[in-house]
Every structure is written in structure tokens, then in C-alpha cells.
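Below, chains carry the letters A, B, ... as their sequence lines are ordered, and counting in each starts from 1.
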There are 2 protein chains.
Amino acid sequence: MRSKDENKELVIREKAIEMIVNEGFDGLSMQKLAKEANISASTIYIYFQSREDLLNKLFIEVQEKFEKDALKNFDPKMDFESGLWLQWKNRYNNISKNPLEFQFHEQFRNSPLIRHKDIKPTAFKELMNEFVRNAVKKGELVNIPIVHYWAIAFGPFYTLVKFHVEQASMAGTPFTLKEQSLKQTFNLVMKALRP
Amino acid sequence: MRSKDENKELVIREKAIEMIVNEGFDGLSMQKLAKEANISASTIYIYFQSREDLLNKLFIEVQEKFEKDALKNFDPKMDFESGLWLQWKNRYNNISKNPLEFQFHEQFRNSPLIRHKDIKPTAFKELMNEFVRNAVKKGELVNIPIVHYWAIAFGPFYTLVKFHVEQASMAGTPFTLKEQSLKQTFNLVMKALRP
DNA sequence: AATATAAACGAATGTTCGTTCATTTTAAAC
DNA sequence: GTTTAAAATGAACGAACATTCGTTTATATT
């Protein structure tokens, strides 16, 4: 009996994301993907049920990886400023290490494909809610609806990061955003969020 | 001689945006679009050179309309808080009146299609820069790089609005976001931006 | 070394794609 | 009412699409 080549599935995933980022969803055909991965098109169907299944699995994989990595060293009992800053830095690190995955994720999130999936509420979300509740209780954070909090706490972060990712992507240069820039923006955000 | 039916071009544009928002870029085929618009596929080519030309024209149209409407009653000599709030409200009004156009714009902006176009710097951008320079000079705004300003001044706005647009779109209900919610978020953003 | 079994493949399926073109229809201009 | 020229069309084009299938190949197990 022959066993599945784990590396082969990885190549399919990598090339698929690369093609989608560079050419969009309609730029990803199974035959072109096969050629890029140096395999036969029919081989893809051993690893994925269909094109749609492939896309969904890619999204879920990236989403889960990003959520998990965002919580590295994080504890909802941390003081608010340290906890939020840790999240900014974690997310920043993930994006600079995986700009293609990030762009794929953004593209998927902004497309109607996202509607065909039901996004299950993750433990991630509950952990963040706890973090926010604690901070309000301790008087470290203004008491506002959670969506307002998300908008202010992460809106500036993603706007800033996306700007730099897009700049780099268009110019063909590596993604660069100095930690000092991030910190300066973060300090202003904290000013908004403190009671 | 027969003249072009302006209404026909409008229907094509409307249906195209509708299809893209509901089914994505690969959901838009010329034949399906023709059927939706009750015309022959070849008729589309009287109004647009190609599929790509159609997409580009749609984007440019929406982009210019949104930029123009964002500046309604705006003057770069306004005091900072009033000027920024006016922009929030203008943008908010446009999005709630044209949620499909907004979603189309977001989808395009986050796709690689945007790279095939060169975005010419608009008068819009220069006007905003002047507004910011004035505000800094008058001591109404912290002195930070312009990209940091954009991130903080509009990041929270778009994060909040997109959340509500997506909610409404998924649930099939109309877009609703109370002005009071918007104002509350705005006040915190102002707290961050004041010196 | 033989066997068994899933991986891997190339070719072929029927469909749909964007676009073209010869023809017909329409309405403005005279 | 006739002319004229562009709008509008349906049929047709080859290319590319996702997926299937019968066959071959590779490898773990015996």
C-alpha cells in the first residue's frame, strides 16, 4: 500500500494561496494549479473533494493558524495595555512572516465565499471577551459595546498593516513596518480606550 | 441613426455589481449578466470593450462617486473635529444608501484586480492632506505621520461599518447602525487624535 | 520476492467561458 | 416616407473549465 505524500498536499496549499493572491479566485483553476505543483490535476482530488472544498480548507487553516498565533503568551488576566500590545505584536509578527496567507485571508473575508461557510464561534472569541470584561472591571478600559471596542482596538492596526502589505505587494519589495511606528499608533489608541 | 440606450448601460452596471457582490468575481459571466439584464451578451460589448473593461469602469465609477460624496459640504479650513465628523457622516450616509456598491468596492480593493489598475492620485487626497496640515498647525491634532492619522481616524469607522454591513448582508436585513453608536466611537477617536 | 492497495496519472467528459460576426432592427435625420 | 448608420441580436468560435475514469505506478506489508 502506498501512503499519502504530506509534502504534496503542502505544495498544493501553498501554490493555491500564491495563485489566488496573485490572480484572484478566478485565476485559480485546477489545471493551472496542478501544473504549478508539478502534479496531475486529478491528483488534487485525492487530497481535496472539490475546488470549493480546497478553498474552504485553505481559509479554515489560515484562520485557525492566525487566531492561535495571535494568542501566543496571552492570558486574559493580563493588565489591559500589556495584553492588547501583545496581541498587536503577535498579529504583526504573523503577518510579516506570512504576508501571502494574510492577503489570501483578507481576499476571502471580503468575498461572498465567506457566506457559504458558517463561522463557528471559537474559544478565541470568548477569551477576548473575558479579557475585555476584566479590563473594564479593573477600570483600565472605558465601558463601551464590544463592537466599538474591536473597532478602536484593532481597526487602526489593520488599516496601518494593510497599507504596508499592499505597498510592499505592489512594489515587489518585502513587507516593512517599523515596530516604533506600530507602537506610536498603539499609544494613541490606548489614549482613546483608557477611561 | 440609432442612439445608445443610457438606461441599458445602467442596468448592466447595476446587475453586474449585484452579481459580483452575491457570487464573487468568478460568479460574473457575460452570458449570465446578459440574461439578468434581459439583453444579448453581444450587446454588452457595445457598451464595454471587454469583461476587464467593465470591471475597471465599475470600480472607477464607484470609487469616484464615493470620494466625491465624502466631501459634501466639506472644506479643508473647517475646524478639525467638525471636519472629521462630517466625513464620517457623509461616508456613513453613502454606505447605507449604497451597500451593494460599498461591498463591491471592498471586494475589488482586496483583490489582485486592483493591481492591474494604476490609481491616479486624486484631488481628494490633496484636499485631505491640506486639512490635516491645517489642523496640526492650529494645534487641534497631534503631529503624526499621515498614514498613522488615516489609520486612527478611519480605521475604527470602517471596521465598525463593515461589521454592520456584513451582519445585514448575511441576515438579509437592511443595514442599520445608529448615529449615536457612530458618534460614541467618534468621540473616542477624537480623544486619541487631540494633542 | 510476491501481493495488495491506494496514490498518481493522462485522457476524455460535457459545460461554460469571453468574444466575434454576419444579419436584423431601430430610430434619428433628411 | 426614405435613407442611413449605429444598436441589437443569435449563432458560432476555440479555449478553458471542474471533474471522472480506467490504467499504471509505487510502496508498505507479508
Side-chain angles (χ1 to χ4, degrees), chain A residues 1-60 104 107-108 111-117, chain B residues 1-60 104 107-108 111-117:
Chain A
M1 184 174 92
R2 203 170 164 186
S3 53
K4 280 194 194 178
D5 187 343
E6 279 181 39
N7 182 254
K8 198 160 283 178
E9 185 178 338
L10 211 83
V11 172
I12 295 173
R13 294 183 113 111
E14 270 177 5
K15 292 290 178 189
I17 288 179
E18 197 180 311
M19 289 175 74
I20 290 167
V21 168
N22 288 326
E23 304 175 53
F25 287 114
D26 41 352
L28 178 84
S29 83
M30 301 306 263
Q31 339 229 20
K32 273 162 63 187
L33 173 57
K35 191 164 275 183
E36 281 287 315
N38 282 315
I39 55 172
S40 164
S42 47
T43 302
I44 301 174
Y45 288 86
I46 295 168
Y47 296 88
F48 303 94
Q49 287 168 36
S50 64
R51 192 185 114 107
E52 196 187 349
D53 179 53
L54 168 62
L55 289 173
N56 280 335
K57 290 211 170 110
L58 286 178
F59 178 73
I60 291 170
F104 164 75
Q107 204 175 138
F108 201 104
S111 84
L113 294 178
I114 196 80
R115 259 176 277 176
H116 297 324
K117 296 185 15 52
Chain B
M1 184 175 91
R2 202 171 165 185
S3 52
K4 280 193 193 178
D5 186 343
E6 281 182 36
N7 182 254
K8 196 160 285 177
E9 185 178 337
L10 211 81
V11 172
I12 295 173
R13 293 183 113 110
E14 271 177 5
K15 293 289 179 188
I17 287 179
E18 197 180 309
M19 289 175 72
I20 290 167
V21 168
N22 289 325
E23 306 175 52
F25 288 114
D26 41 353
L28 177 84
S29 84
M30 303 304 263
Q31 339 231 15
K32 273 162 63 186
L33 174 57
K35 191 164 273 183
E36 282 287 314
N38 282 317
I39 55 173
S40 164
S42 44
T43 304
I44 301 174
Y45 287 86
I46 294 168
Y47 296 88
F48 303 94
Q49 289 168 35
S50 64
R51 193 184 114 106
E52 196 187 350
D53 179 53
L54 168 61
L55 289 173
N56 281 336
K57 288 210 169 110
L58 286 178
F59 179 73
I60 290 168
F104 164 75
Q107 205 175 136
F108 201 103
S111 83
L113 294 177
I114 197 78
R115 258 176 277 175
H116 297 323
K117 294 184 19 50

Practice prompt. Quickly, which of B/M30, B/R51, B/K8 forms a side-chain contact (heavy atoms from CB on, under 4.5 Å) with B/I44? Name it, please.
Written response: B/M30
Worksheet item: What is the distance, rounded to the nearest whole Å, between atom NZ of A/K35 and atom C1' of D/dC17?
Response: 14 Å
Worksheet item: Quick one: CD1 on B/I20 to CG on B/L54, what's the gap to the nearest 0.5 Å?
Response: 7.0 Å
Discussion item. Which nucleotide wins on minimum distance to the side chain of A/M30, given the candidates D/dA18, C/dG10, C/dC21?
Written reply: D/dA18
Worksheet item: Below 4.0 angstrom from OP1 or OP2 of C/dC17, is there any side-chain N or O of B/S29?
Response: yes
Worksheet item: Atom CZ of B/R51 and atom P of C/dT19: how far apart are they, to the nearest Å?
Response: 8 Å
Worksheet item: Can you check the A/Q49 CD to D/dT20 P distance for me, whole Å?
Response: 10 Å
Worksheet item: Should A/K32 and A/E36 count as an ion pair when the cut-off is N to O under 4.0 Å?
Response: no
Worksheet entry | Nearest-neighbour nucleotide for the A/Y45 side chain, C/dC21, D/dT20, C/dG18 considered | D/dT20
Worksheet item: Could you state the CZ-C1' distance from A/F25 to D/dA18, rounded to the nearest angstrom?
Response: 17 Å
Worksheet item: Whole Å only: how far is the CG atom of A/D53 from the P atom of D/dA18?
Response: 14 Å
Practice prompt. Measure the acute angle between the ring planes of A/F108 and A/F59, then classify it against the limits of 30° and 60° as parallel, tilted or perpendicular.
Written response: parallel
Fill in: A/K4 charged N/C atom sitting above A/Y47 aromatic ring, 6.0 Å / 45°
yes
Worksheet item: Can you check the A/L33 CG to D/dT19 P distance for me, whole Å?
Response: 12 Å
Tabulated below should be each protein N or O lying under 3.5 Å from an N or O of nucleotides 4-8 of chain D; please produce it.
from	atom 1	to	atom 2	distance (Å)
D/dT4	O2	B/M1	N	3.4
D/dA8	OP1	B/K8	NZ	3.0
D/dA8	OP2	B/Y47	OH	2.4

Worksheet entry | Rounded distance (Å) that lies between atom C1' of C/dT15 and atom NZ of B/K32 | 13 Å
Item to complete: Grab the two heavy atoms, one from A/E23 and one from B/P112, that are nearest each other, plus how far apart they are.
Response: C-CG, 3.7 Å
Discussion item. Rounding to an integer number of Å, can you tell me how far A/F48 CZ sits from C/dA7 P?
Written reply: 13 Å
Worksheet item: Any idea which of C/dC9, D/dC17, C/dG18 is nearest the A/Q31 side chain?
Response: D/dC17
